[in-house]
Amino acid sequence: MDTIAAISTALGVGAISIIRVSGDDSVKIVNKIFKGKDLTKVKSHTIHYGHIMEGETAVDEVLVSVMLSPKTFTTEDVVEINSHGGIATTNKVLELLLFNGARLAEPGEFTKRAFLNGRIDLIEADGIMNLISSKTENSRKLSMNQLTGRVTNDIKKLRQNLVEMLSHIEVNIDYPEYEDIEELTTEKILPSLLTFRENLQNIIKNSSDGKLINEGINIGIIGRPNVGKSSLLNALLEEEKAIVTDIEGTTRDIVEGKITLKGIIINFIDTAGIRETDNVVEKIGVEKSKKIIHQCDLLILILNNNELLTQEDKELISILKEKKHIILINKIDLENKLDLTELPSNLLKISIKEKRGLEELKQRIVDIFNLEELETKDLTYLSDARSISLLKKSLVYIDEAVHSINQNEPIEIVEFNIKDAWESLGEIIGETYKEELLDELFSRFCLGK
């Protein structure tokens with residue numbers, strides 16, 4: 001492979017910047033611009049003081065770490081230049097590396113090489129990305145479990161279970177004359193498949209929790225104009241994030257803010273008031289709000305205790321039937337004009353102005369998503385949409401295998417379904433993969449990682 005280089009630290013003013021180089025010519029290329037020891041003659045995993053030079057001019061005073069194959073992150077020769085932080089200096093060092101034969105690394109290319117060279121699997125690669133972007137302690141723990149291989153081992157055990165079933169089937173298909181080999185009939189396979197399916201279903205449920213821990217919960221705040229959506233956002237965030245006025249249609253775009261509940265990031269999204277309007281700008285905001293409704297994990301509908309229920313309110317209530325939701329009756333400090341008999345019974349009455357009911361709202365969110373339970377769980381499961389979709393795909397194949405058995409179909413049909421399930425699980429850890437998958441996966445990484 002060619003030699004790649006990139007800046008591995010955030011580009012900006014700081015004490016130290018790290019420029020990473022990986023590939024067969026790493027040492028040779030860095031040695032061309034380094035004044036100090038001859039890097040081609042130093043031992044592996046050593047650090048050397050010197051200067052980066054452009055001709056006879058010193059660019060920076062640096063420490064250079066030399067790590068030779070195969071005991072490196074990419075398993076290739078790796079050199080890391082620790083320079084003084086700063087945009088101009090860091091970019092100049094990178095420029096000299098590229099001029100002397102290195103290629104600028106693509107986002108995530110160092111980690112991609114680590115995978116292709118057998119250093120890590122895809123779950124560990126995801127763990128690296130998730131660890132970098134972790135915003136909570138639970139998210140960090142989840143990412144570390146992916147990095148240490150615990151999740152990979154669980155997937156490998158599942159695949160091994162399927163291999164054992166497949167091996168018995170193959171023997172009975174290919175060598176039916178061997179009387180000392182137990183004939184594995186569909187009746188004997190079925191209990192194993194049912195147990196496997198139950199285990200897989202548990203992993204899928206836990207992995208959905210993992211996705212929630214890693215990515216957080218998106219909660220949309222919806223309602224007609226002036227019911228208190230922006231006020232609720234500000235109260236929950238304890239800051240003036242959204243503009244609040246008595247003028248209808250003040251919020252015309254999406255406003256977001258985050259808090260942490262039980263170690264989980266909660267992303268509140270304040271939407272434009274949903275109503276019929278002739279104002280072009282407000283109409284765009286209303287359309288954005290309608291799209292947000294379908295993307296959120298939970299919707300909070302705010303109704304005004306001081307107003308009669310409108311047709312627009314009723315339409316919003318009908319939307320809630322398809323989603324997890326909470327209905328808030330705001331402004332309970334004012335006269336009650338809202339007919340509560342027309343509404344579901346699981347309402348939450350609040351006064352945002354007087355800060356009444358906000359803690360009850362937070363507890364309702366905790367209860368809906370079982371966040372108390374998540375805090376105490378062993379965080380050893382998958383957490384990304386790609387892996388979860390492959391788990392579900394594998395479950396579909398197992399369901400088909402069970403159905404085939406119940407329909408007394410030939411054992412060969414059952415075998416095909418089990419093989420498909422085995423391959424889907426293999427895609428999770430990268431035992432089987434497509435090149436376009438790798439390109440998409442590693443493109444999410446930052447440069448230099």
*Do other residues, nucleotides or ligands put more than 12 heavy atoms under 6.0 Å from Lys35 NZ?*
no

*Should Ser83 and Ile52 count as side-chain neighbours, where that means a heavy-atom distance under 4.5 Å?*
no

_Is it the case that the side chain of Asn267 and the backbone of Gly216 share a donor-acceptor pair, with hydrogens and angles ignored and the cut-off at 3.5 Å?_
no

*Before giving the answer on salt bridge (charged side-chain N to carboxylate O under 4.0 Å, His left out), spell out for Glu109 and Lys112 the whole-Å C-alpha distance, their side-chain angles and the decisive distance to 0.1 Å.*
CA-CA 5 Å; Glu109 190 169 0; Lys112 183 178 181 179; over 6 Å; no

*Taking atom NZ of Lys362 as the centre, report whether more than 12 heavy atoms of other residues, nucleotides or ligands fall under 6.0 Å from it.*
yes

*What residue among Ile368, Ile265, Leu261, Ile264 forms side-chain contact (heavy atoms from CB on, under 4.5 Å) with Ile217?*
Ile264

*Rounded to the nearest 0.5 Å, how far apart are CD1 of Ile18 and OG of Ser8?*
6.5 Å

_So does Asp25 get a backbone contact from the side chain of Thr3, meaning a donor-acceptor N/O pair under 3.5 Å?_
yes

*Could you tell me whether Lys419 and Glu423 have a side-chain N and a carboxylate O separated by less than 4.0 Å?*
no

_Contact summary for Ser230 and Asp270, nearest pair of heavy atoms_ = OG-OD2, 2.6 Å

*Is the number of heavy atoms from other residues, nucleotides or ligands under 6.0 Å of Lys71 NZ greater than 12?*
no

*Under 3.5 Å, is there a donor-acceptor pair between the Glu80 and Ser65 side chains?*
no

*Measure across Leu316 and Arg224 and return the closest heavy-atom pair with its distance rounded to 0.1 Å.*
CD1-N, 4.2 Å

*For residues Phe110 and Val78, determine if any side-chain heavy atom of one lies less than 4.5 Å from a side-chain heavy atom of the other.*
no

*Examine distances only and state if a side-chain atom of Asn100 and a backbone atom of Leu96 form a donor-acceptor pair shorter than 3.5 Å.*
yes

*Can you tell which of Thr89, Thr90, Asn82, Asp60 makes a side chain to side chain donor-acceptor pair (under 3.5 Å) with Ser17?*
Thr90

*Evaluate the side-chain proximity of Asp24 to Asp77: yes if any heavy-atom separation is below 4.5 Å, no if none is.*
no

_Using every non-hydrogen atom in the two residues, find where Ser404 and Val414 come nearest and quote the distance to one decimal._
CB-CG2, 3.9 Å

_Closest non-hydrogen atom pair between Ser394 and Ala421, with its separation_ = OG-O, 3.3 Å

_Backbone N/O of Val42 and side chain of His48: donor-acceptor pair under 3.5 Å_ = no

_I'd like to know if the side chain of Arg159 reaches the main chain of Trp422, judged simply by a donor and an acceptor atom lying under 3.5 Å from each other, with no hydrogens or angles considered._
yes

*Which heavy-atom pair separates Arg113 from Ser22 by the least distance, and what is that distance?*
NH1-O, 3.6 Å

*Any side-chain heavy atom of Ile81 within less than 4.5 Å of one from Phe34?*
no

*Which residues pass the side-chain hydrogen bond (donor to acceptor under 3.5 Å, both in side chains) test with Lys92, sequence neighbours left out?*
Glu54, Glu95

*Could you give the distance from CD1 (Ile204) to CG (Leu395), rounded to the nearest 0.5 Å?*
4.5 Å

*Using a strict cut-off of less than 4.0 Å between a Lys/Arg side-chain nitrogen and an Asp/Glu carboxylate oxygen, indicate whether Lys324 and Asp367 qualify as a salt bridge.*
no

*Under a 4.5 Å cut-off applied to non-hydrogen side-chain atoms, are Leu343 and Ile329 in contact?*
yes

*Is Glu360 salt-bridged to Arg364, going by a charged N under 4.0 Å from an acidic O?*
no

*Does any non-hydrogen side-chain atom of Leu391 lie less than 4.5 Å from one of Ile155?*
yes

*Can you tell me how far CG of Leu425 sits from CG of Leu200, rounded to the nearest 0.5 angstrom?*
6.5 Å

*Distance from Asp420 atom CG to Glu415 atom CD, nearest 0.5 Å?*
10.5 Å

*Does the Thr72 side chain pair with the main chain of Ser69, one donor and one acceptor, at a distance under 3.5 Å?*
no

*Between Val21 and Ala5, which heavy-atom pair has the shortest distance, and what is it?*
CG2-CB, 4.2 Å

*Do the side chains of Asp313 and Val227 get nearer than 4.5 Å, heavy atoms only?*
no

*With the side chain counted from C-beta on, respond yes when Glu198 and Asn202 share a heavy-atom pair under 4.5 Å apart, and no when they do not.*
yes

*His325 NE2 to Asp297 CG distance, which is reported to the nearest 0.5 Å*: 15.0 Å

*Can you tell me how far the CG atom of Leu232 sits from the CG atom of Leu237, to the nearest 0.5 Å?*
9.0 Å

